[in-house]
Structures are given as structure tokens and as C-alpha cells.
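A, B, ... follow the sequence lines: proteins, then strands. Residue 1 opens every chain.
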Number of protein chains: 2
Amino acid sequence: MFPARLNNPEKKYQDQHLFFDFHNLSAYVDLREVLLTRKEHALLGLLLDNAGEIVRREILLEKIWGYGRGIRTRTLDVHIRRLRKKLFPYGDTYIETIFGAGYRFQRYREPRGYPNYVPELVAV
Amino acid sequence: MFPARLNNPEKKYQDQHLFFDFHNLSAYVDLREVLLTRKEHALLGLLLDNAGEIVRREILLEKIWGYGRGIRTRTLDVHIRRLRKKLFPYGDTYIETIFGAGYRFQRYREPRGYPNYVPELVAV
DNA sequence: TACAGTTTTTACAATCTTTTTACAAACAAA
DNA sequence: TTTGTTTGTAAAAAGATTGTAAAAACTGTA
């Protein structure tokens, strides 16, 4: 009836290690809170909206920065780098580089040999 | 039956160091009484109503000042500053700045290693 | 009006975010 | 392996937002 984006203040992404709120700058990696800047939040949000799919550089630059083709900048790469850092230690597995195309967010997939691993809750 | 706010003259906030009465301009920080002005009281009350959550600047400016978007003012910042002062020495830990978004009130949490310590649950 | 307290504005400092720069590293094609 | 292209990275520069002191404007009351 409405596009989910416009009518869903509860929109969230969640998997094994990451929690992302599309309407708040705060996210969680495991149980650690991570505050994102606005650009970081927009970028991760767009990748998450297309989780599993390649999002081309041009698309990212256009939708988040309003840049048209032919603009030469490294700002996207720098933001990707900061995001990966904040998603430590999962940054590189979550955000894949597709050389010559763009980036792709991949939902967390359990490494082999650790089937069904779930973090234990332990007092510290 | 009624929204709590409208039918609850007893509504209060309390934690380790702060006592706040939603219907009275006087509050307590530890054993010291603190008199709040009406704007200060409204501002702290709104933050407390959303304790733990980010409240955006626009929301604060709209609900307390009736300002719409695009109004350029520093009055919110000045009020935050006075509140933090009155909440000394907890002002900065209670009232967090979320850069680019707004403010967030955080309930007091006992530092680790102190008496009265209650185990936190942490993933391992 | 004068006063005392409250609130807003002003002007600038401090801090945080974003973009650019300059170069290194990784990749693809031949 | 060489060459040209793309992406990664640290650091600096530029831009935007928030913090702050002080002054001005406002509010209610006597």
C-alpha cells in the first residue's frame, strides 16, 4: 500500500552479528554499540537495502552524494573503509569489493566448522 | 485507560544519582536539590521520556519550542549546557550528544569494579 | 517603570565530519 | 612481467555542527 521506506519507522536489519536501525544513527556489532555518522549510515543503509546484490559505484555516488558520472573522487572508498573499521571484525566479510563494479553487502554466513554457533552470554 | 502522561501526577524518574519529578520543577542530584526553570524541566523531561533513545534536534525544537525546520537558533544548545551544569558532575554522562542527530539521555550505570556491581551480559 | 529571573541571540571557539590529496597496493589484459 | 586502471589508505584540508560566554530581549510582578 505504501513503500515500506516511507511508512515504516521500525525498519531494521539484523543478522548474527549486526543490528542496523534505518532511522537511527546507532547500530550494534554483537553487543557493542557503534555510532555512525550520517554519510556512513546512509551508505550502509543503501548497501543493506540491496543485501546480496552488487551496488555499482555510480549508483552509490549518485544516490548518496548526488554526483553524476565523470566526477573523480575517492570519498566513497574512504567511507567504505571507515564503515569496515566500525564493523570490525566483520567489516571485510560484510562489505565485499566487486572490482570494476562496486560493493556488495553479504549477510553473515557461519564459517564452516562452527555450525550454528551462537554467542554465549557470560557475566563479566 | 488513560495515557500515563495525562493521568499520572506521580510520574517520576529515578536512578542512582538523579531524581526527577515530571510535575515539579525541583529535582535532586544525589542529595542536592536542583531548581529547574520551565524550559529546562520540559527539555529534561522529554529526554527522560525517551531515555536510552536518540531524540533528534528537530523533535526537541518542535515539541518544546514549536519551531519548524529551517529555524536557525542556538537556544537548544544553550539549554542543554545549563542542564548539564545543573546535573554536575553527571551532566556529560547523562546527556550525550549524538553528532548530526540530537541528544540522548542515558540512565546511570555503575562503573565496573565498584561495590553494588551487577554483572553485565556480554557475548563471548 | 523598575526589578529579578528567564530565555534567546550573538559571535566566536572547539570539535567532529567529509572531502581531497598523494601515493601504495591490487587487479586485469596483453 | 609490464602496463594501465581501479581500489586502499593515511594524512591534510575544507566544511559543518556543537559548545560557550556574554549581551540583549523578554516575562511577570510589584
Side-chain angles (χ1 to χ4, degrees), chain A residues 24-27 33-47 54-89 91-105, chain B residues 24-27 33-47 54-89 91-105:
Chain A
N24 255 333
L25 294 185
S26 112
E33 184 182 35
V34 168
L35 290 179
L36 302 173
T37 69
R38 285 179 292 184
K39 278 276 156 69
E40 287 163 359
H41 183 262
L43 178 53
L44 183 51
L46 187 44
L47 290 173
I54 297 169
V55 185
R56 305 180 58 79
R57 288 181 72 92
E58 306 129 36
I59 300 298
L60 294 167
L61 285 170
E62 193 239 305
K63 291 206 178 174
I64 295 178
W65 281 271
Y67 290 179
R69 321 236 160 165
I71 289 188
R72 194 183 58 83
T73 178
R74 302 236 58 67
T75 196
L76 169 57
D77 310 74
V78 172
H79 279 271
I80 289 286
R81 180 170 183 281
R82 295 217 192 93
L83 263 183
R84 283 173 167 157
K85 240 179 183 169
K86 289 194 177 179
L87 298 182
F88 182 87
D92 292 324
T93 51
Y94 273 138
I95 302 178
E96 252 183 296
T97 300
I98 310 299
F99 196 94
Y103 296 94
R104 174 168 59 186
F105 183 94
Chain B
N24 202 315
L25 293 185
S26 97
E33 184 182 29
V34 167
L35 294 178
L36 302 173
T37 69
R38 286 188 299 182
K39 279 276 158 67
E40 286 163 359
H41 183 262
L43 178 53
L44 183 52
L46 187 44
L47 290 173
I54 296 167
V55 186
R56 284 196 256 256
R57 289 182 72 93
E58 309 136 32
I59 301 297
L60 295 167
L61 284 170
E62 193 239 305
K63 291 207 178 173
I64 296 178
W65 281 271
Y67 289 179
R69 318 223 164 174
I71 290 188
R72 194 182 59 82
T73 178
R74 303 235 57 67
T75 196
L76 168 58
D77 309 73
V78 172
H79 279 271
I80 289 285
R81 181 170 182 280
R82 295 217 193 92
L83 264 183
R84 282 173 168 158
K85 241 178 182 171
K86 290 193 177 179
L87 299 182
F88 182 87
D92 292 324
T93 50
Y94 273 138
I95 301 178
E96 242 184 308
T97 300
I98 309 297
F99 201 98
Y103 296 93
R104 174 168 63 181
F105 183 93

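Following rounding to the nearest Å, R56(B) (CZ) and dT18(D) (C1') show an atom-to-atom distance of 18 Å. For D77(A) and dA11(D), the CG to P distance is 18 Å, given to the nearest whole Å. Atom CD of E96(B) and atom P of dG19(D) are 12 Å apart (whole Å). Nucleotide dC27(C) holds its P atom 12 Å from the CD1 atom of I98(A), rounded to whole Å. Between the CD1 atom of I71(B) and the P atom of dT8(C) there is a distance of 11 Å, rounded to whole Å.
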Letter per nucleotide, 5' to 3', of nucleotides 12-23 of chain C [B base touched, S only sugar-phosphate touched, - untouched; heavy atoms, 4.0 Å]
----SSBBBBB-
Could you walk me through whether L47(B) and I80(B) pass the side-chain contact (heavy atoms from CB on, under 4.5 Å) check?
CA-CA 11 Å; L47(B) 290 173; I80(B) 289 285; 4.2 Å; yes
Would you sort out whether I71(B) and L61(B) count as a side-chain contact (heavy atoms from CB on, under 4.5 Å), showing the intermediate values?
CA-CA 9 Å; I71(B) 290 188; L61(B) 284 170; over 6 Å; no
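The residue among I80(A) and K85(B) whose nearest nucleotide of DNA chain D is located toward the 5' end is I80(A).
The side chain of Y103(B) contributes an N or O atom lying less than 4.0 Å from OP1 or OP2 of dG19(D). Taking 4.0 angstrom as the limit, R84(A) places none of its side-chain polar atoms (N or O) nearer than this to OP1 or OP2 of dT9(D).
Annotation: ring-ring contact (aromatic ring centres under 6.0 Å, His included) contacts of Y103(B) (sequence neighbours excluded): none. When the side chain to side chain donor-acceptor pair (under 3.5 Å) test is applied to Y67(A), no partner is found at least two apart in sequence or on another chain. Evaluation of the side-chain contact (heavy atoms from CB on, under 4.5 Å) rule for A101(B) yields L25(A), I54(B), I98(B) as partners, not counting sequence neighbours. With sequence neighbours left out, E58(A) forms a salt bridge (Lys or Arg N to Asp or Glu O under 4.0 Å) with R56(A), R69(A). In this view, E33(A) and R104(B) satisfy the salt bridge (Lys or Arg N to Asp or Glu O under 4.0 Å) rule, not counting sequence neighbours. Scanning for salt bridge (Lys or Arg N to Asp or Glu O under 4.0 Å) contacts around R74(B) gives D77(B), with sequence neighbours left out.
Axis orientation changes by 40° from one end of the helix from dT1(C)-dA30(D) to dA30(C)-dT1(D) to the other, with each end axis drawn from 5 pairs and the value rounded to 10°.
Sorted by first then second residue, the salt bridge (charged side-chain N to carboxylate O under 4.0 Å, His left out) pairs that include residues 36-46 of chain A, not counting sequence neighbours, are E40(A)-K86(A).
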